[in-house]
Structures are given as structure tokens and as C-alpha cells.
Enquirer: 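I'd like to ask some things about the structure below.
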Amino acid sequence: MRGAPTLLEVYNSLSGRKEEFWPLEDRVVRMYVCGITPYDVGHLGHARVFVFFDTVRRYFEFNAYRVRHVQNITDVDDDMVRVSQRLGLTIAELTERNQQLYLQEMDALNVQRPDLFPKASEHIDGMIALVQALLRSGHAYGVDGYVFFDTATTPRFGALAGHDREGLRHVRNDSMPQEPEELKRDALDFLLWQPSEQAGAAFDSPWGRGRPGWHIECSAMVHAALGDRIDIHGGGSDLRYPHHDSEIVQSECATGAAPYVSLWMHIGTELLEGVKMSKSLGNLVKVSELLVRGHTPDGIRLYLLGTPYREQQDFSPAALSQWEQRAATLARAAAAAGGPPDRLRVQPLRNEFTAAMDDGFDTPRAIAALLRIADGVERQRLAGETAVPALLELAGVLGLRLGREG
RNA sequence: GGCCACGUAGCCAAGUGGUAAGGCAGAGGUCUGCAAAACCUCCAUCGUGGGUUCGAUUCCCACCGUGGCCUCCA
């Protein structure tokens, strides 16, 4: 059973092509977005992901869908342990501190809060249950307090990466992850549970005191919050493999429900002067800094939505400034009187906006339609009484305020 | 090696099967005591080679180049 198809066609990372979007349940969209690991402050790359999925949500809501939006917080993680120890904080304190900073930035950017913000540490039981199910069904095996997923038991592993098992072996791998390779049956197997005694990151389990592996948390939280199968799973493109591929096999093998996710959406990387923005490199542009420098939430949102979401985006001050000018244009038009009554000539531009969004969330094209409405209002070719409300409504779908509160 | 993108003027960048928005920089001009600001004007045949077509920058193929992911990372 599934709901009626929308007019939407969206690129699915799993199939590698555009597909009609069919929600599992009519008029409802179950959407899970991989969120932050709060060991440090975020940057524009994070903001891009969350602004984009906020826009996806707003567009579904604009089309009278109910969106069940869940975004996790990874508070059980090696970096969390390391940073909390260095700062002399508990993991809970570190989480709270960075989560608040994150929320302040997202609030400033007019990102609606997800319905649920589950923390990994609150779903340990669910993870253990999934691991037990995998052990029972023979998809996992335990060794010396470790539990590994047995990738030989499913042909699906590597589907997102675009490889079969043999192909995965040829994937370049310069630096080894911190997994005890010698305990694995196969190098492709991945960790579900590991021994741990670190304060704040150690939990009782059937396999002894320990903590979960790197991928199982999302499966558990999706399961708990949204069910065995969901409509949309999103995140940065750097999570595609191995994180999301691992999630697929874990979840499908544990629950028997497939496909785990109908539509996989991956957001292109944010670059700074041609180099990927990442915490490890330290080449970060932070939202809070941009705001302090006088940039506006609308300008930043327009910038982030001004590149097709699947493409990488290269930040530069000049590019952002250009979007600030456009934000000012839109705000000016929103406050303008416009021309005389015109029999709804704004309608073709409305249609262009929705056609763009229906075409795989083509936000750059949608923005172009908005700018054309603004231009029409300013040149008095569109009637203020119809075009200005249309402008405000459609801009709102992109999360733009246009100088208005709220 | 695989996957995903990109390659448009000095720079950033939009876009379209019928000879290409905009912004920055630059040049000229209006204005001004000078300058600034503002405004006006000027400045590209779209990586290379093929193919499809009456016609391609726009579709297809190949190639070259760039970047990202494939390893904790949004």
C-alpha cells in the first residue's frame, strides 16, 4: 500500500536517476536527515544540508502534506569522547553546549525545528535490539565483545556506493579505520558493537559493557521514530558510503522490510576556495560569523539554495554578496505597491516556481521565478495586490522572510 | 579503479535546439569646482573532437581538464 504519486520527480541516489515520488502513506512524508555530531560548532556545509531539507519540508507542507521530520544528534562517538575529555566536560555538557549553538544558528536562518531531535545515547536499547535481531537471523556475529555485520549475507551491501562486493574491495583505502580487522571474517564487515569503558560512552549490553558502532544509531532512531520504512533519507554526500550503505543492510536485514528508504537524497559538498570545508581541515565558514559581519538570513539562504543541491558549492564572499543584493531586491519588491490590477498575470510565474520545485527541488530555478516576480512588481508590470502576496507566499516556501517578521 | 558533478567574457555566474541574464572588475560618458556616489554605454560565439539536426552553447558519444565522494566528516 502506498499513497498517490506527487507531481514531484526527484533524483534518487540509489537508482542514479530521477523518479516519481510516491509517499508510503497518502499526504504524509516520513523524512529522516542525518544531523550533527556536536563535538564542535557547525559550518556552512552543515547549514546547507539543513536549510535544504527545511525547504523540502516547506514545499511538501505548501502542497498540503504532513511531514514527519526527524533529525538525529550523534552524541556517542569517538570525537565526543576525545573533545569532552580535552575540555573537561561531560559528554552531556558538550552536547548541550554545541546543540544550543546549532539551534541558534538554524533559528537565525529560519530553519524550522524537526519534529524530533533524537540523541543516540537515548536509543541504546533500540540499537541493542537491532543487533540482537541481526545475530538471531545470522546477519551478524560476535567476537570478544565485538559484534560485526556479516556483509556476505546480503547482496545489497554497496548499492549506494555503486559496487558489488568485489567492487567494494577495489575501493581505495589509504587510511584504515579504527576497527579490529583481525577479528572480522571479511574486511568489508563493519562494526555494530564494541567494548568501551569510556565515561558517557559505555553502556551495558548482552556482549558486555560497550558502545554501538558507527552506523547502527541511525537505523535504530529511524525505526523508533518513523518505522521500518521511510520516504526520504537525507544527508551530506560524504555519508553515502559507508554510512548509508551500512544503514540499508542493517535495517533491511533486521526488520525484513524493504526498501528501507524510498528516496535517498545527498547534498553536495561545500567548498572554500576549491577545498572541501571540513572540521579536520579547519577551513570553515560559520553562519554566526557571517551574521556578525552583517549578512542577512535571507541572503545566506538564497546563497545556499542558489546552487542545485546535488552539486558542490564553492563559497566566496563575492558570491554571497551577490545574493545579498538579490535578497534586497526581493524585500524591496515585497514592500512595493506594484502596478494596477492585471488579471493575475503573476500566475505564470507562480506556475514556473512550482514547476521548478516539482522538478527535483530545482531551487535555483524557483529563485529565478521569484526574482522575475519582484522585477515585475518594481517595474509596475504586475499588480501589487496579487503579485506581492504571491511573492511573499512563494518566498516563504524557501524560508525567506523578505524583511517581515517571522 | 568506481561513482557523482562541473568546464560559459579578467573573475563569479544564469540560461536556451534558432546566434548568450546578471554581478564584480575594466573602458568611455552624464553629473560635479575635483572626487565619490548615482545613472547611461561598451566588453563572450559558451573546454576539444566527432555525431544527430535545416540549425547546438543547449541532445548523444569520445577525449581532455577540474573538483567531490569512495577513510571520522553534513
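Residue numbers start from 1 in every chain, and the chains themselves are labelled A, B, ... in the order their sequence lines are given, proteins ahead of strands.
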Enquirer: So what's B:C59 paired with, Watson-Crick or G-U wobble, going by both distances under 3.5 Å?
Expert: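 Its partner is B:G51.
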Enquirer: Tell me the interatomic distance from A:Y303, atom OH, to B:C12, atom C1', rounded to whole angstroms.
Expert: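 Distance, rounded to whole Å: 11 Å.
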Enquirer: Can you tell me, in whole Å, how much space there is between the C1' of B:C11 and that of B:U71?
Expert: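 The same atom, C1', in both gives a distance of 35 Å.
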Enquirer: Polar pairs (N or O, both sides) under 3.5 Å between protein and nucleotides 3-11 of chain B?
Expert:
from: B:C4; atom 1: O3'; to: A:R310; atom 2: NH2; distance (Å): 2.8
from: B:A5; atom 1: OP1; to: A:R310; atom 2: NH1; distance (Å): 3.3
from: B:A5; atom 1: OP1; to: A:R310; atom 2: NH2; distance (Å): 2.6
from: B:A5; atom 1: O5'; to: A:R310; atom 2: NH2; distance (Å): 3.4

Enquirer: Using distance alone, with no hydrogens and no angle criterion, decide if A:T296 and A:R401 have a side-chain donor and acceptor under 3.5 Å apart.
Expert: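 The criterion, which ignores hydrogens and geometry beyond distance, is not satisfied for A:R401 and A:T296.
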Enquirer: Using atom C1' of each nucleotide, how far apart are B:C3 and B:U8 to the nearest Å?
Expert: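 To the nearest whole Å, 26 Å.
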Enquirer: Quick one: on RNA chain B, does A:R326 or A:P364 contact a more 5' nucleotide (nearest heavy atom)?
Expert: A:P364
Enquirer: Can you measure A:D164 atom CG to B:G1 atom P for me and round it to whole angstrom units?
Expert: 18 Å
Enquirer: Taking the same atom, P, in B:C43 and in B:A21, what whole-Å distance lies between them?
Expert: 11 Å
Enquirer: Using a heavy-atom cut-off of under 4.0 Å over every strand shown, decide if A:S237 touches base, sugar-phosphate, or nothing.
Expert: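 Since only primed, P, OP1 and OP2 atoms lie under 4.0 Å of A:S237, the category is sugar-phosphate.
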Enquirer: Got a donor-acceptor pair under 3.5 Å from the side chain of A:K276 to the base of B:C73?
Expert: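 Answer yes: a donor N or O sits under 3.5 Å from an acceptor.
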Enquirer: On the 0 to 90° scale, with breaks at 30° and 60°, tag the A:F60-A:F21 ring pair as parallel, tilted or perpendicular.
Expert: tilted
Enquirer: Does anything in residues 187-212 of chain A form a ring pair (Phe, Tyr, Trp, His ring centres under 6.0 Å)? List the pairs, not counting sequence neighbours.
Expert: A:F149-A:F190, A:F157-A:F190, A:F190-A:H215, A:W193-A:W207
Enquirer: Roughly, in whole Å, what's the span from CZ in A:R365 to P in B:A14?
Expert: 14 Å
Enquirer: Does a side-chain heavy-atom distance below 4.5 Å link A:P297 with A:N110?
Expert: no
Enquirer: Please determine if A:D54 and A:R57 form a salt bridge, counting it only when a charged side-chain N lies under 4.0 Å from a carboxylate O.
Expert: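 Salt bridge: no.
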Enquirer: Taking the inter-plane angle between the rings of A:Y141 and A:F148 on a 0 to 90° scale, is it parallel (under 30°), tilted (30 to 60°) or perpendicular (over 60°)?
Expert: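 It falls in the tilted class, 30° to 60°.
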Enquirer: Without decimals, in angstroms, what is the distance between A:D245 CG and B:C69 P?
Expert: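 Distance check: A:D245 CG to B:C69 P gives 17 Å.
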Enquirer: Would you tell me whether A:Q100 and A:Q104 have side-chain atoms, one donor and one acceptor, within less than 3.5 Å of each other?
Expert: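 Note: A:Q100 and A:Q104 side chains miss the donor-acceptor criterion.
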Enquirer: Without decimals, in angstroms, what is the distance between A:W323 CH2 and B:A21 P?
Expert: 18 Å
Enquirer: For B:C42, what is the paired nucleotide under Watson-Crick or G-U wobble rules, both distances under 3.5 Å?
Expert: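 Here B:C42 is engaged in a pair, and the nucleotide opposite it is B:G26.
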Enquirer: Can you check the A:H244 NE2 to B:C72 P distance for me, whole Å?
Expert: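 Value for this atom pair: 13 Å.
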Enquirer: P atom, B:C42 versus B:G23: distance in rounded Å?
Expert: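 Comparing P positions in B:C42 and B:G23 gives a spacing of 13 Å.
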Enquirer: Whole Å only: how far is the NE2 atom of A:H43 from the P atom of B:A74?
Expert: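 To the nearest whole Å, that distance equals 7 Å.
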Enquirer: Pairing donors with acceptors under 3.5 angstrom, does anything connect the side chains of A:S84 and A:E93?
Expert: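 Note: A:S84 and A:E93 side chains miss the donor-acceptor criterion.
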Enquirer: With C1' as the reference atom in both, quote the distance from B:C39 to B:U32 in angstrom, rounded to an integer.
Expert: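 The same atom, C1', in both gives a distance of 14 Å.
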Enquirer: Taking the same atom, P, in B:C31 and in B:G10, what whole-Å distance lies between them?
Expert: 33 Å
Enquirer: What's the CD-C1' distance between A:E217 and B:C72, to the nearest Å?
Expert: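 Going from CD in A:E217 over to C1' in B:C72 covers 13 Å.
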Enquirer: Looking at the side chain of A:H46, which of B:C73, B:C70, B:G23 is the nearest nucleotide?
Expert: B:C73
Enquirer: Can you tell me the base-pairing partner of B:C6? Count Watson-Crick or G-U wobble geometry only, both distances below 3.5 Å, and say none if there is no partner.
Expert: B:G65
Enquirer: With heavy atoms under 4.0 Å as the rule, sort A:G235 into base, sugar-phosphate or nothing.
Expert: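 Sugar-phosphate contact only - A:G235 comes under 4.0 Å of backbone atoms but never of a base.
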Enquirer: From the set B:A74, B:C12, B:C72, return the single nucleotide nearest to any side-chain atom of A:A319.
Expert: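 Between B:A74, B:C12, B:C72, the one nearest the side chain of A:A319 would be B:C12.
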Enquirer: Expressed as a whole number of Å, how far does the C1' atom of B:U30 sit from that of B:A44?
Expert: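 Taking atom C1' in both B:U30 and B:A44, they lie 27 Å apart.
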Enquirer: Any strand is fair game: report the nucleotide pairing with B:A13 by Watson-Crick or G-U wobble, both distances under 3.5 Å, or none.
Expert: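 Pairing partner: none.
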Enquirer: For B:C61 versus B:U52, give the span between their C1' atoms, rounded off to a whole number of Å.
Expert: 11 Å
Enquirer: Counting any heavy atom closer than 4.0 Å, what does A:L239 reach on the DNA or RNA strands: base, sugar-phosphate only, or nothing?
Expert: sugar-phosphate
Enquirer: Need to verify one output field. Residue with the more 5' nearest nucleotide on RNA chain B, A:F50 or A:P308?
Expert: A:P308
Enquirer: Relative to the ring of A:H266, is the ring of A:H244 parallel (under 30°), tilted (30 to 60°) or perpendicular (over 60°)?
Expert: tilted
Enquirer: Need the pair for B:A37. Rule: Watson-Crick or G-U wobble, both distances under 3.5 Å, any strand; none if unpaired.
Expert: none
Enquirer: In the structure I gave you, are the side-chain heavy atoms of A:Y32 and A:C218 within less than 4.5 Å of one another anywhere?
Expert: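 A:Y32 vs A:C218: side chains touch.
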Enquirer: As a test of reading the structure: which of B:C12, B:C72, B:C73 is closest to the side chain of A:W214, going by heavy atoms?
Expert: B:C72
Enquirer: For A:G35, report the nucleic acid contact type (base, sugar-phosphate, nothing); a contact means any heavy atom under 4.0 Å.
Expert: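 Sugar-phosphate only.
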